[in-house]
Amino acid sequence: QAFSTSHDSAGCCGFHIECADGHTMSIATDLGYVSRPVYDQLRGCGLVALECNYDKTMLQMGPYPYYLKSRILSTRGHLSNDDCAETLAQLLADGCTRFALCHLSQENNIPDLARATVMSRLQQDGRFTPEQLGVTMDTFWVQAGGGDPAQWIGKLAGRVPVIHLKDYAYGRKMAVVGEGNINFDRVFTEAEKAGTKFMLVEQDDCNGEDPIECLRRSYEYLKACGFN
């Protein structure tokens with residue numbers, strides 16, 4: 001069954017699917033807000049795939065012209081991470097058991113930030129234990145999204161068993177740990193308080209350098225910080 005969504009292009013709709021075995025799913029993207037009729041199509045579904053399009057700070061600080069930012073932020077634009085998180089919290093209380101985050105903007109969002117925003121909201125309700133709801137934090141991608149890695153680790157304390165360590169350099173480039181501008185002293189302090197068990201060095205892009213050499217320098221930095 002198709003249902004209309006609030007977007008500024010013609011014929012935008014979501015879909016509610018009912019299977020013969022009783023399983024149900026709804027998907028809704030391209031919507032500026034979740035109206036009551038849309039919510040009614042999502043409520044009670046076993047799986048909801050919901051738009052989680054943009055982080056407000058990334059959008060506001062990004063390169064889009066003013067008119068396009070205004071369009072995205074409007075009730076006929078797209079759904080933000082915060083609005084998606086709030087809707088999912090309500091849906092879980094109404095019987096939804098699984099959800100997927102969809103239609104993430106390549107320019108104004110990153111998966112780690114979208115997940116962290118949703119998890120931070122769900123954590124407020126106390127509905128999930130750390131074993132049921134946790135996150136692997138990536139320091140680079142949180143910083144790339146305009147967030148503070150240490151602050152996010154603190155907000156998700158008890159739910160961040162693993163952290164991927166990579167540094168952030170000018171021009172949104174990945175860097176050897178300790179050679180960029182992330183404040184790792186604060187990251188390590190918050191990780192210890194949050195109960196993080198593992199921190200893994202991960203540098204997807206070495207910018208033409210030898211990956212083993214990059215790994216060696218990250219190791220030396222961590223060793224100088226007191227890690228064995």
Side-chain angles (χ1 to χ4, degrees), residues 28-29 34 47-62 72-73 78-93 96-168 172 174-175 177 180-205:
T29 62
V34 178
L47 171 63
V48 169
L50 186 62
E51 179 171 60
C52 196
N53 185 258
Y54 64 92
D55 173 76
K56 290 181 180 178
T57 300
M58 286 189 70
L59 175 63
Q60 291 167 344
M61 300 297 291
I72 293 170
L73 287 163
H78 292 286
L79 204 64
S80 71
N81 292 352
D82 292 327
D83 291 337
C84 173
E86 185 61 38
T87 301
L88 289 176
Q90 297 174 27
L91 287 170
L92 286 169
C96 172
T97 56
R98 294 179 178 85
F99 60 85
L101 310 182
C102 297
H103 199 197
L104 277 67
S105 168
Q106 292 185 346
E107 292 79 16
N108 303 307
N109 212 350
I110 53 176
D112 277 359
L113 193 55
R115 281 193 296 265
T117 302
V118 171
M119 289 179 57
S120 179
R121 173 61 185 87
L122 298 183
Q123 180 179 263
Q124 295 174 20
D125 294 342
R127 294 174 56 85
F128 301 95
T129 67
E131 290 75 22
Q132 293 172 318
L133 186 64
V135 64
T136 298
M137 182 74 71
D138 187 303
T139 54
F140 173 88
W141 286 113
V142 172
Q143 182 102 340
D148 179 343
Q151 184 180 47
W152 272 104
I153 293 168
K155 288 177 67 174
L156 296 172
R159 299 178 185 270
V160 193
V162 180
I163 297 174
H164 287 179
L165 300 178
K166 60 168 73 86
D167 217 334
Y168 183 96
R172 207 181 189 190
M174 295 180 185
V177 177
N181 58 23
I182 292 179
N183 187 333
F184 279 105
D185 287 340
R186 289 184 58 238
V187 168
F188 299 149
T189 298
E190 291 299 326
E192 183 175 9
K193 291 191 294 185
T196 299
K197 296 181 179 179
F198 303 101
M199 294 189 293
L200 310 176
V201 174
E202 178 190 50
Q203 188 174 343
D204 311 37
D205 186 351

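For clarity, every value in this text was computed on a predicted model and none was experimentally measured.
In terms of heavy-atom proximity, G147 sits nearest to P149 at O-CD, 3.6 Å. Shown here for S80 and K56, the closest heavy-atom pair between the two residues is OG-CE, 3.6 Å. Minimum heavy-atom separation, R172 to A144: NE-CB, 3.6 Å. Nearest heavy atom pair, residue V48 against residue L91, reads CG1-CD1, 4.0 Å.
Taking the six-membered ring where the residue is Trp, H103 and H78 present perpendicular rings, their angle passing 60° and hence far from 30°.
From L59, atom CG reaches atom CD1 of I72 across 5.0 Å, with rounding to the nearest 0.5 Å. A distance of 4.0 Å separates SG of C52 from CG of N81, quoted to the nearest 0.5 Å. C84 contributes atom SG, which lies 4.0 Å from atom CG of L50 (distance to the nearest 0.5 angstrom). Between atom CG of residue L79 and atom OH of residue Y54 there is a gap of 7.5 Å, rounded to the nearest 0.5 Å. With values rounded to the nearest 0.5 angstrom, R186 atom CZ is found 4.0 Å from D148 atom CG. Between atom OG1 of residue T57 and atom CG of residue L113 there is a gap of 8.5 Å, rounded to the nearest 0.5 Å.
You'll find the side chain of F99 stays beyond 4.5 Å of the side chain of T87, heavy atoms only. Two residues are said to be in side-chain contact when any heavy atoms from C-beta on lie closer than 4.5 Å; L101 and L88 meet this criterion.
Between the D167 side chain and the I182 main chain, a donor and an acceptor come within less than 3.5 Å of each other. With N108 contributing its side chain and G62 its backbone, the two residues share no donor-acceptor pair below 3.5 Å.
Partners of Q106 according to the side chain to side chain contact (heavy atoms under 4.5 Å, CB included) rule, which considers only residues two or more places apart in sequence or in another chain, do not exist here. Shown here are the side chain to side chain contact (heavy atoms under 4.5 Å, CB included) partners of A191, two or more places apart in sequence or in another chain: I163, T196, M199. For S120, the side chain to side chain contact (heavy atoms under 4.5 Å, CB included) partners at least two apart in sequence or on another chain are W152, K155, L156. In this view, R98 and L47 satisfy the side chain to side chain contact (heavy atoms under 4.5 Å, CB included) rule, not counting sequence neighbours.
Each salt bridge (charged side-chain N to carboxylate O under 4.0 Å, His left out) pair with one or both residues in residues 79-92, not counting sequence neighbours, appears once here: E86-R121. Here side chain to side chain donor-acceptor pair (under 3.5 Å) pairs that include residues 137-147, with residues two or more places apart or in two chains, are D138-K166, Q143-N181.
In E107, the CD atom is crowded: over 12 heavy atoms of neighbouring residues, nucleotides or ligands sit closer than 6.0 Å.
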Using side chain to side chain contact (heavy atoms under 4.5 Å, CB included), reason through F140 and D205 one step at a time and then give a plain yes or no.
CA-CA 11 Å; F140 173 88; D205 186 351; over 6 Å; no
